[in-house]
Amino acid sequence: LVHDRADVAIAGRAAGVHLSPDEVAPAIVRGIVPPGMLVGASIGSATDLGVARSADYVSIGPVFPRGTRERDPATLGVEQLAQLVRMVRVPVVAVGGITSQNARSVLDAGAVGVAVIMGVFVGIANATFWAGEANWRMWLVHSELWAHMVMPTEASPRFNSSTMRA
């Protein structure tokens, strides 16, 4: 998946493009990408739910405080994530402050996967946790190491080995 750059995703024959809230709307991008290319979007509240209608999946967050942002007013929490998951009709990837200690809680809230940055790379416990999840698939959403998305391989038929190319 390529972050924010549909042109690069098309040229590189990527599996898809992930759009930030301040980028072109998924409905517009859908009109220019090839059939079958995934179009994802980020949302942070119920006011952003309109973008989910034309996306194949959405990322929702931040769910937990991120890194040094312990007092992040945008943090949703697991309960609000669960409410938003119930409001969308596409798979949800949870993002923001995801670690080995809290990843299961967002999956239990209805997310099909998580997007992580530091949660994969910080500490032996996290590395051991993610490495031990042999039935999980991981791939890079490219934009200066923006995020790694991790989800159970059975999470969604749209997210499988035939749609996710290396």
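For the numbers below, each heavy atom of this structure counts, side chains included, while hydrogens, waters and symmetry mates do not.
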Looking at every heavy atom in both [X] and [Y], which two are closest together, and how far apart are they?
X: A15; Y: L1; answer: C-CD2, 4.2 Å
X: A14; Y: V2; answer: CB-CG2, 3.8 Å
X: A94; Y: V63; answer: CB-CG2, 4.0 Å
X: V90; Y: A55; answer: CG1-O, 3.2 Å
X: A25; Y: L19; answer: C-CD1, 4.1 Å
X: V17; Y: Y57; answer: O-OH, 4.4 Å

Quick one: list whatever passes side chain to side chain contact (heavy atoms under 4.5 Å, CB included) with [X], sequence neighbours left out.
X: L49; answer: I43, A46, L84, M87, V88
X: R53; answer: none
X: P35; answer: none

* Asked: Residues in side chain to side chain donor-acceptor pair (under 3.5 Å) with S45, at least two apart?
  -> T47
* Going from CD1 on I98 to CZ on F64, what distance comes out if it is rounded to the nearest 0.5 angstrom? -> 5.5 Å
* When rounded to the nearest 0.5 angstrom, what distance separates CD1 in I32 from CD1 in I10? -> 4.5 Å
* Please assess V92 against L81 for the test side-chain contact (heavy atoms from CB on, under 4.5 Å), listing each intermediate value before the final yes or no. => CA-CA 9 Å; V92 170; L81 169 69; 4.3 Å; yes
* With D7, which residues qualify under salt bridge (charged side-chain N to carboxylate O under 4.0 Å, His left out), at least two apart? -> R5
* To do: Measure from the side-chain N and O atoms of D4 to the backbone N and O of S20, and report whether any donor-acceptor pair falls under 3.5 Å.
  => yes
* Any donor-acceptor pair under 3.5 Å linking the side chain of D56 with the backbone of V39? -> yes
